[in-house]
2 protein chains.
Amino acid sequence: MTLSEEDYIKAIYHLGKGENTTVSTNALAEQMHTKPSSVTDMIKKLSEKGVANYKPYKGVSLSEYGEKIALSLVRKHRLWEVFLVDKLDFSWDEVHEVAEQLEHIKSEKLVDQLDKHLGYPDVDPHGDPIPSKKGEFKKAIKKLLIEVPIGTSGVCVGVKDSSAPFLKFLDKNKIALGDTIAVVDKEEFDGSLYIQIKQKEIHISNQIASNLYLKITA
Amino acid sequence: MTLSEEDYIKAIYHLGKGENTTVSTNALAEQMHTKPSSVTDMIKKLSEKGVANYKPYKGVSLSEYGEKIALSLVRKHRLWEVFLVDKLDFSWDEVHEVAEQLEHIKSEKLVDQLDKHLGYPDVDPHGDPIPSKKGEFKKAIKKLLIEVPIGTSGVCVGVKDSSAPFLKFLDKNKIALGDTIAVVDKEEFDGSLYIQIKQKEIHISNQIASNLYLKITA
DNA sequence: ACAAATATTTAGTTTTGTCTAAAAATTAAT
DNA sequence: ATTAATTTTTAGACAAAACTAAATATTTGT
């Protein structure tokens, strides 16, 4: 697979959300920052190669083989993201562009050893699950912290209320996007939560927990 | 710079040994596993871009700018080699192909952080020096172990005598290509050497030391 | 110095991935 | 249901990087 082919495969995968959903030529063109006519050419080629199923005017979807390739790319992308954050001190919002390049490096041993070096992580710095070597993996869902059951853990990926006071509160309590949070217990009385974050356990109000999004892999 | 341009720059650099030596079209074609006519096209382009100095029929050399690019590529290549060996348990003879891909990844922060992560190494697993960020670096020379002065350290890169008995001896004494060896002392009487290898000090005969090549950065 | 051998360049194609403009198919609207 | 709007495809071109074959330069040998 060439660089460009791999990029198309990933785009089809992401737009189709993994299933054999069919993706439109225009959507793909927008995602790839290219023109629909270029997309038509490429999906014809991918189809001939057995990577995609393409019916003129009816959109394109990945074949089983194509999905395997997509999952391998996603695996590599996310492993490299973990590497960049855990080993090279990148912040979670700096990694994407570099991982986008690194995911195309071809070496099975490299990926296997990288996985081992990182301690076989199962989610990337954005809380998205890392497919196994065989391509198995869980789906991630985004939920408000308040909505998840006790025992759940996930990555903090966003805020509902982005007002200055709330952000200031988070900062003061050292809660940042990208942090892994586990719900330890709930207080029946006021709906407040005991959460584990960066090895420490803290107590946050129901209101706080209602404004933090967690990405969890179900 | 495109992938291909970067590969040509590296090839010109390596054939020209860094100086502003002029490299012939044919030599470059052989190195790049391509045809002379393709080389002519490319060196014209590199010349127009200010990367190389090209006079028809007179060969090509790197401009100062081109040499800077070459050194940056060599730096990245060698840092990745260290990474593969030190962190991912690759053996010294497996790293080249993968490093050849990794050296093209574009991210200044990535290289800086990788350097730091590896503890600012100054040679790669083959004993070749790693250029600094500014492009400064020492030359490596290959010498017989017996020829280097006391105190010198380098990487074991080859044998002069490749007979089975000698190789068996090396194996028994856990001396392998890629090992770092330091000359601790010499015995005046018989010219034998005390060397440090893998944290241990061992004593080897003059004859052994006369058949081991060391790469040292002078 | 001149012919032969070698090295290099030019000219014309090919492939990959892109583009624009025009044509055709599909979908939406009255 | 027929026209209008949108989407998609086709046709023809282009740039990058390679190739083959032919034409020039240069170097070598006598």
Side-chain angles (χ1 to χ4, degrees), chain A residues 1-16 20-63 66 69-70 73 100-101 103-106, chain B residues 1-16 20-63 66 69-70 73 100-101 103-106:
Chain A
M1 294 298 136
T2 67
L3 264 193
S4 197
E5 286 169 349
E6 289 190 347
D7 284 337
Y8 272 95
I9 292 170
K10 258 194 48 171
I12 297 170
Y13 177 82
H14 282 125
L15 289 174
N20 34 11
T21 325
T22 173
V23 173
S24 83
T25 303
N26 261 8
L28 208 39
E30 194 177 336
Q31 174 82 8
M32 297 293 298
H33 305 105
T34 185
K35 304 290 161 177
S37 53
S38 308
V39 171
T40 302
D41 287 345
M42 182 54 94
I43 61 187
K44 266 185 198 165
K45 187 169 44 148
L46 291 178
S47 194
E48 274 160 26
K49 284 198 172 191
V51 169
N53 308 112
Y54 162 62
K55 284 273 156 82
Y57 295 103
K58 296 298 172 192
V60 70
S61 63
L62 289 179
S63 70
I69 296 172
L73 289 166
E100 205 68 16
Q101 298 178 61
E103 75 191 3
H104 295 292
I105 304 290
K106 282 159 185 61
Chain B
M1 294 300 137
T2 67
L3 263 193
S4 196
E5 286 169 348
E6 290 191 346
D7 284 338
Y8 272 95
I9 292 170
K10 258 194 46 172
I12 297 170
Y13 176 81
H14 281 124
L15 290 174
N20 34 11
T21 326
T22 173
V23 173
S24 82
T25 303
N26 261 8
L28 209 38
E30 194 178 336
Q31 173 82 9
M32 297 293 298
H33 306 105
T34 185
K35 304 291 162 180
S37 54
S38 309
V39 171
T40 302
D41 288 346
M42 181 55 94
I43 60 188
K44 268 185 197 163
K45 190 173 37 151
L46 291 178
S47 195
E48 274 159 27
K49 283 197 171 191
V51 169
N53 308 113
Y54 163 62
K55 284 273 158 78
Y57 296 101
K58 297 297 172 194
V60 69
S61 64
L62 289 178
S63 70
I69 296 171
L73 288 166
E100 205 69 15
Q101 298 178 61
E103 74 191 4
H104 296 292
I105 304 291
K106 282 159 185 59

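Numbers restart at 1 for each chain; the letters A, B, ... are given by sequence-line order, proteins then strands. All heavy atoms count here, side chains included; hydrogens, waters and symmetry mates do not.
Closest heavy-atom contact between B/G66 and B/I9: O-CG2, 3.6 Å. When all heavy atoms of B/A29 and B/K35 are compared, the closest pair comes out as CB-C, 3.8 Å. Smallest separation of non-hydrogen atoms from A/V23 and A/I12: CG2-O, 3.8 Å.
Proximity of residues 31-38 of chain A to DNA chain D (heavy atom under 4.0 angstrom from any strand atom) is restricted to A/P36, A/S37.
Atom P of nucleotide C/dT16 and atom CG of A/D41 are separated by 12 Å, given to the nearest angstrom. Across the protein-nucleic acid pair, B/N26 atom CG and D/dA25 atom C1' stand 13 Å apart, rounded to whole Å. Rounded to an integer number of Å, the gap from B/E6 CD to D/dA16 C1' is 15 Å. Atom pair B/I43:CD1 and D/dA18:C1' shows a separation of 15 Å (rounding to whole Å applied). In this structure, A/E5 atom CD and C/dT15 atom C1' are separated by 12 Å, rounded to whole Å. With rounding to whole Å, B/L28 atom CG is found 14 Å from C/dA7 atom C1'. We find that CE of B/M1 is positioned 13 Å from P of D/dA16, with the value rounded to whole Å. Atom CE of A/M42 is separated from atom P of C/dC19 by 11 Å (rounded to the nearest Å).
Positionally, the nearest nucleotide of DNA chain D for A/P56 lies more toward the 5' end than for the other of B/T2 and A/P56.
No more than 12 heavy atoms of other residues, nucleotides or ligands shown are found within 6.0 angstrom of CD on B/E30. For B/E100, the CD atom counts as densely surrounded, since its 6.0 Å shell holds more than 12 non-hydrogen atoms of other residues, nucleotides or ligands.
Each salt bridge (charged side-chain N to carboxylate O under 4.0 Å, His left out) pair with one or both residues in residues 47-59 of chain A, not counting sequence neighbours, appears once here: A/E5-A/K49.
Annotation: side chain of A/Y8 is in contact with side chain of A/T34 (closest heavy-atom distance under 4.5 Å).
Here C/dT9 is the nucleotide among C/dA7, C/dT9, C/dT18 with the atom lying nearest to any side-chain atom of B/T40.
Looking at A/S63, its side chain does come within 3.5 Å of a backbone N or O of A/G50 through a donor-acceptor pair.
Phosphate proximity of D/dT9 to A/Y54: present, with a side-chain N or O under 4.0 Å from OP1 or OP2.
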Under 3.5 Å, which N/O atoms of the protein pair with N/O atoms of nucleotides 27-29 of chain C?
none

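Contacts of B/T25 with the nucleic acid, taken as non-hydrogen atoms under 4.0 Å apart, involve only primed sugar atoms and P, OP1 or OP2.
Residues B/H104 and B/E6 bring a donor and an acceptor atom of their side chains to less than 3.5 Å of each other.
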